[in-house]
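Read the numbers this way: they start at 1 and go in the same order the structure lists the ligands and their atoms. Note that this is a predicted model, so its numbers are computed, not measured.
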Amino acid sequence: MTDDKTLYMVVPCYNEEEVLHETAKRLKEKYTSLRQRGLISEESRVVFVNDGSKDKTWSIIQELHAADPKFFSGINLARNSGHQNAVLAGLMTVKDICSMAITMDADLQDDINAIDAMIEKYHEGNQVVYGVRSARKTDTFFKKFTAEGFYKFMKVMGADVVYNHADFRLMSRRVLQELANYREVNLFLRGLVPLIGFQSCNVYYERAERFAGESKYPLKKMLAFAINGITSFSTKPLKLITSVGFIMSIISVIAIIWALVVKIAGHSELGWSSTMCAIWFIGGLQLLALGIIGEYVGKIYAEVKQRPRFIVADFINEEK
Ligand code: UDP
Ligand code: MG
């Protein structure tokens with residue numbers, strides 16, 4: 001790899017048979033124009049990562065590659081490993097054959113016209129270019145509310161992520177080499193990439209609606225993703241437990257003094273409801289605290305096992 005114009009685009013696909021043909025068509029158009037403008041080399045490829053799909057996704061990828069080996073490549077994972085791991089699998093597979101890589105979802109929700117600007121920023125010397133949503137006109141109120149709440153909550157909890165940036169980003173080969181040294185199993189790329197550093201900038205775009213198929217990120221998965229993001233990047237929740245525990249202790253000292261005063265004054269009949277409240281409240285708090293600690297212990301458990309984060313079964317690619 002000698003030039004600095006070889007772009008590998010990594011597209012994770014999980015049950016995306018409905019969208020793949022259209023996505024491939026549009027990406028091919030985009031690549032053709034980028035090549036004509038001299039922004040990327042002829043060796044540039046689009047790599048679809050099949051994340052253990054149950055539908056025809058992999059056979060479609062194979063067909064695309066067979067018909068257009070100079071545009072499309074494919075990676076077949078041994079099983080479903082989740083979006084983040086699929087993206088990482090793609091990036092780690094291409095890190096030595098590309099000069100830059102862009103990650104993008106298969107459903108074309110990220111505006112492919114932002115790619116031009118990303119590559120220009122890269123040629124200006126940026127090692128990381130974040131795609132940032134400027135508006136959420138097409139999202140439902142619920143999605144917008146939960147998603148924006150997610151970024152704000154992450155920030156409060158001490159995980160520094162780029163606001164309204166998902167996983168649409170460009171990374172240079174240099175950054176990918178460094179990313180390879182981060183070995184965590186609980187992968188949260190949005191938090192990880194800013195930690196790597198290097199010169200970076202944002203490119204703004206409007207996020208479109210998924211044009212076919214349905215979201216693979218229901219609320220339950222989104223919540224799990226948010227909790228993973230926070231607990232992988234911040235120990236603030238643990239410190240919060242300490243603070244709350246400290247405040248509770250002070251309150252309980254006051255309560256004890258109050259109880260004694262009442263007793264001495266001779267009105268000690270009162271109290272069933274306040275006792276019950278205290279028991280429920282402290283009990284709830286303790287369980288919550290244990291739960292939070294449990295999250296972290298669970299993380300350590302997963303990390304110490306150091307299992308592979310993905311297994312590449314096939315890589316179909318024609319470099320030249
Ligand atoms: N995806 C994946 N593995 C999974 C779930 C999703 O590779 O286990 C891919 C999916 O094919 C898509 C991207 O991750 O390209 C984002 O998923 P989706 O569009 O469903 O999420 P949303 O945009 O609704 O948050
Ligand atoms: Mg999507």
Per-atom filter on ligand 1: closer than 4.0 angstrom to a heavy atom of D107 are 19 (O), 23 (O)
Atom 5 (C) of ligand 1: of F225, F48, Y14, the nearest heavy atom sits on Y14
Under 4.0 Å from one or more heavy atoms of E16, ligand 1 contributes atoms 10 (C), 11 (O), 12 (C), 15 (O)
Describe, in one word, how the ring planes of F168 and Y205 are oriented to each other, choosing from parallel (under 30°), tilted (30 to 60°) and perpendicular (over 60°). perpendicular
Among the N/O/S atoms of D107, the Mg ion (ligand 2) lies closest to OD2
Margin query: Is it true that K54 and N80 share a donor-acceptor pair across their side chains at a distance under 3.5 Å?
Written below: no
Quick note on ligand 1: atoms under 4.0 Å from a heavy atom of C13 include exactly 7 (O), 11 (O)
salt_bridge(E120, R37) N-O dist < 4.0 Å: yes
Short version for D51: what comes under 4.0 Å of ligand 1, heavy atoms counted, is side chain
Contact region, N80 to ligand 1, non-hydrogen atoms below 4.0 Å, reads side chain
So R79 and D51, salt bridge (Lys or Arg N to Asp or Glu O under 4.0 Å) or not? Walk me through it.
-> CA-CA 6 Å; R79 55 176 288 252; D51 186 18; over 6 Å; no
Ligand 1 to A106, heavy atom cutoff 4.0 Å, flagged ligand atoms 15 (O)
| Side-chain heavy atoms of Y122 within contact of S99, under 4.5 Å | yes
message = Under the criterion side chain to side chain donor-acceptor pair (under 3.5 Å), I'd like the reasoning laid out for T6 against S41: C-alpha separation, chi angles, the key distance, then a yes or no.
response = CA-CA 5 Å; T6 300; S41 71; 2.9 Å; yes
Are F233 and F153 connected into the same hydrophobic cluster when the rule is that any two of I, L, V, M, F, W, Y join if their side-chain heavy atoms are below 4.5 Å apart? yes
Closest to atom 9 (C) of ligand 1 by heavy-atom distance, out of P12, G52, S81, is P12
